[in-house]
Protein chains: 2
Amino acid sequence: MSVSALRQEFILHFGEMGSRWGINRTVGQVYALLFLADEPLCADDIVAALGFSRSNVSMALKELQSWNLVRLRHQQDDRREFFTTPDDFWEIVRTLINERRKREIDPTLTKLRELSMAEPDPTDRAAHARIAELRQLIEQMTRFHDDLARFETERLVAILNMGARLGRLVDGAGKLIPIRRSKPQSKG
Amino acid sequence: MSVSALRQEFILHFGEMGSRWGINRTVGQVYALLFLADEPLCADDIVAALGFSRSNVSMALKELQSWNLVRLRHQQDDRREFFTTPDDFWEIVRTLINERRKREIDPTLTKLRELSMAEPDPTDRAAHARIAELRQLIEQMTRFHDDLARFETERLVAILNMGARLGRLVDGAGKLIPIRRSKPQSKG
DNA sequence: TGTTGTTTTCAGAAATTACTGAAACAACGG
DNA sequence: CCGTTGTTTCAGTAATTTCTGAAAACAACA
């Protein structure tokens with residue numbers, strides 16, 4: 001299978017960026033190919049298009065599945081497995097954020113909770129406090145993420161588009177400006 | 001220099017997570033050590049604490065400087081360079097986001113802009129459209145980030161703490177709900 | 001200028017990660 | 001049960017990244 005110059009360049013870019021994104025070249029290229037593909041592809045299509053070994057493609061697909069970045073499809077009267085990426089870009093964004101959080105943040109949060117349990121040695125007073133502060137910061141951010149993740153896409157996009165106007169909700173000292181008839185609130 | 005059990009565990013964790021975060025073990029451990037340190041450390045302190053070679057520590061410090069994650073300090077009557085991490089956690093968060101964006105997103109945005117310039121081959125119509133859509137999505141998100149990045153920390157934290165209440169600003173169809181007496185606004 | 005204390009560079013060694021081909025495995029139709 | 005078609009596993013190899021020690025470069029100063 002031949003790949004147009006446009007696709008080629010996109011695919012190669014994803015391959016190169018892969019290492020920065022925490023995936024390898026093969027995974028990056030396979031994802032890019034599927035992302036642009038006009039119809040679902042099977043493993044051998046991918047081998048034909050990219051020239052990796054069959055087993056490498058198999059590994060890459062497994063990795064992409066573990067990231068929830070591809071969907072598996074079966075076609076009528078065909079035993080082969082076909083793969084696509086979701087059509088909805090916002091779904092892809094959500095998936096990426098969730099998976100990265102799972103891999104890059106959650107294990108550290110667990111560790112920080114564990115560490116801030118134990119009563120510190122007197123010489124570690126400051127370090128212990130700093131660990132607790134980091135834990136609180138991460139908890140605050142993940143709580144925010146949990147809140148946003150519940151919104152439907154429309155609402156998220158609307159908030160995104162508010163951009164700088166969000167600042168008007170809050171005064172410079174971090175106090176909420178009352179919206180409609182709710183009571184003013186001060187921060188923790 | 002000996003390191004307490006608490007610090008040790010924190011440092012080892014950062015070393016292990018390093019590869020997921022796009023830095024290597026040495027860089028992760030050096031950062032963790034500095035993060036918990038009660039006072040600025042020089043390169044030899046780090047060698048003594050972690051047991052890496054002097055040159056490896058030098059590389060790691062250079063890498064951390066390229067990430068803007070450490071501050072360089074000089075002490076009275078001492079030629080050596082001492083390093084610290086910023087005290088302000090939110091500053092660290094901003095730095096991390098900025099640097100990751102610079103490394104993981106901006107190059108791709110540049111590439112996508114380049115690719116969506118060229119007039120596509122007829123067979124690439126759909127792929128071209130998908131690239132353009134991806135470009136727009138990333139532009140929308142980076143624009144949002146630019147907006148938020150201008151806020152002072154107080155304001156950001158207040159927005160973070162609003163969490164789920166942000167959803168009330170916007171109705172289910174993505175329309176802004178008028179705040180106070182401003183005119184209703186519709187999106188894009 | 002030379003001396004001393006420091007940081008940086010760099011070529012190669014060590015460790016890790018990515019990739020391959022061959023074999024094992026699974027599902028299905030005769 | 002066998003053969004066909006497709007997927008996965010795995011041991012070994014290739015490629016890449018990390019780390020080191022030695023040497024070079026640098027900066028401050030007598």
Side-chain angles (χ1 to χ4, degrees), chain A residues 1 11-12 14-34 40-67 69-84 103-104, chain B residues 1 11-12 14-34 40-67 69-84 103-104:
Chain A
M1 183 191 283
I11 290 168
L12 289 179
F14 268 54
E16 283 163 16
M17 294 299 288
S19 55
R20 301 195 193 186
W21 296 337
I23 58 180
N24 65 34
R25 189 170 58 106
T26 313
V27 175
Q29 289 197 12
V30 169
Y31 183 78
L33 179 70
L34 290 173
L41 302 181
C42 72
D44 282 323
D45 295 337
I46 298 171
V47 168
L50 303 180
F52 295 115
S53 73
R54 184 66 183 71
S55 53
N56 196 7
V57 168
S58 174
M59 298 284 211
L61 288 169
K62 226 177 106 186
E63 173 85 356
L64 285 171
Q65 284 175 283
S66 88
W67 278 83
L69 282 172
V70 295
R71 304 230 160 302
L72 184 55
R73 297 246 201 122
H74 280 100
Q75 296 193 352
Q76 200 62 288
D77 295 327
D78 196 328
R79 281 221 240 118
R80 291 172 298 175
E81 299 186 312
F82 287 79
F83 296 88
T84 57
R103 282 152 222 255
E104 301 180 7
Chain B
M1 185 191 282
I11 289 167
L12 290 179
F14 267 54
E16 283 163 16
M17 295 298 289
S19 54
R20 302 196 193 187
W21 297 337
I23 58 180
N24 66 32
R25 189 169 59 106
T26 312
V27 175
Q29 289 198 14
V30 168
Y31 183 78
L33 179 70
L34 289 173
L41 301 180
C42 72
D44 282 323
D45 294 336
I46 298 170
V47 168
L50 303 180
F52 295 116
S53 73
R54 183 63 183 74
S55 53
N56 196 7
V57 168
S58 175
M59 298 284 211
L61 287 169
K62 226 178 103 183
E63 173 85 356
L64 285 172
Q65 283 175 285
S66 89
W67 278 83
L69 282 172
V70 295
R71 303 230 161 302
L72 185 55
R73 297 247 201 122
H74 281 100
Q75 296 192 350
Q76 201 60 287
D77 294 329
D78 196 329
R79 283 221 236 119
R80 290 172 299 175
E81 299 188 314
F82 287 79
F83 296 88
T84 58
R103 282 153 223 255
E104 300 181 8

Does a nitrogen or oxygen in the side chain of [X] sit under 4.0 Å from OP1 or OP2 of [N]?
{"X": "R54(B)", "N": "dA22(D)", "result": "no"}
{"X": "K62(B)", "N": "dT9(C)", "result": "yes"}
{"X": "S58(B)", "N": "dT8(C)", "result": "yes"}

| Just wondering, are more than 12 heavy atoms of other shown residues or ligands nearer than 6.0 Å to CZ in R73(B)? |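 No, because the 6.0 Å sphere around CZ of R73(B) holds 12 heavy atoms or fewer from other groups.
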| request: Output the single nucleotide from dT7(D), dC19(C), dA28(D) whose closest atom is nearest the side chain of R79(B). | output: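 My answer, after comparing the listed nucleotides, is dA28(D).
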| Closest approach of L33(B) and A49(B), non-hydrogen atoms and distance? |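 Looking at all heavy atoms of both residues, the closest pair is CD2-CB, 3.8 Å.
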| task | Mind listing the closest non-hydrogen atom pair of F52(B) and V57(B) along with its distance? | result |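 For F52(B) and V57(B), the tightest heavy-atom pair comes out as CB-CG2, 4.0 Å.
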May I have the distance from [X] (atom [atom1]) to [N] (atom [atom2]), rounded to whole angstrom?
{"X": "F82(A)", "N": "dT7(D)", "atom1": "CZ", "atom2": "P", "value": "9 Å"}
{"X": "H74(B)", "N": "dA28(D)", "atom1": "NE2", "atom2": "C1'", "value": "11 Å"}
{"X": "R25(A)", "N": "dT20(C)", "atom1": "CZ", "atom2": "P", "value": "8 Å"}
{"X": "D78(A)", "N": "dT4(D)", "atom1": "CG", "atom2": "C1'", "value": "14 Å"}
{"X": "I23(A)", "N": "dT17(C)", "atom1": "CD1", "atom2": "P", "value": "16 Å"}
{"X": "N56(B)", "N": "dT20(D)", "atom1": "CG", "atom2": "P", "value": "5 Å"}
{"X": "E81(A)", "N": "dA27(C)", "atom1": "CD", "atom2": "C1'", "value": "11 Å"}
{"X": "N24(B)", "N": "dT16(D)", "atom1": "CG", "atom2": "P", "value": "18 Å"}

| task | Hey, which sits more toward the 5' end of DNA chain C by its nearest nucleotide, G51(A) or D44(B)? | result |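 Of the two residues, D44(B) wins.
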| said: Closest-nucleotide mapping onto DNA chain C: is M59(B) or A43(B) further toward the 5' terminus? I mean the 5' end. | reply: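 Looking at the nearest nucleotide for each, A43(B) comes out on the 5' side.
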| message | Considering every strand and a 4.0 Å limit on heavy-atom distances, what is the contact class for T26(B): base, sugar-phosphate, or nothing? | response |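 It contacts sugar-phosphate atoms only.
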| Is a donor-acceptor pair below 3.5 Å formed from side chain S53(B) to base dG21(D), judging by atom type as modelled? |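 No, no donor-acceptor pair under 3.5 Å.
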| task | Kindly assign one of parallel, tilted or perpendicular to the pair W21(A) and F14(A), based on the angle between their ring planes and the thresholds 30° and 60°. | result |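 The arrangement is perpendicular - the two ring planes meet at more than 60°.
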| request: Output yes when a side-chain donor or acceptor of R103(B) lies under 3.5 Å from a complementary backbone atom of R20(A), and no otherwise. | output: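 No, R103(B) side chain to R20(A) backbone: no donor-acceptor pair under 3.5 Å.
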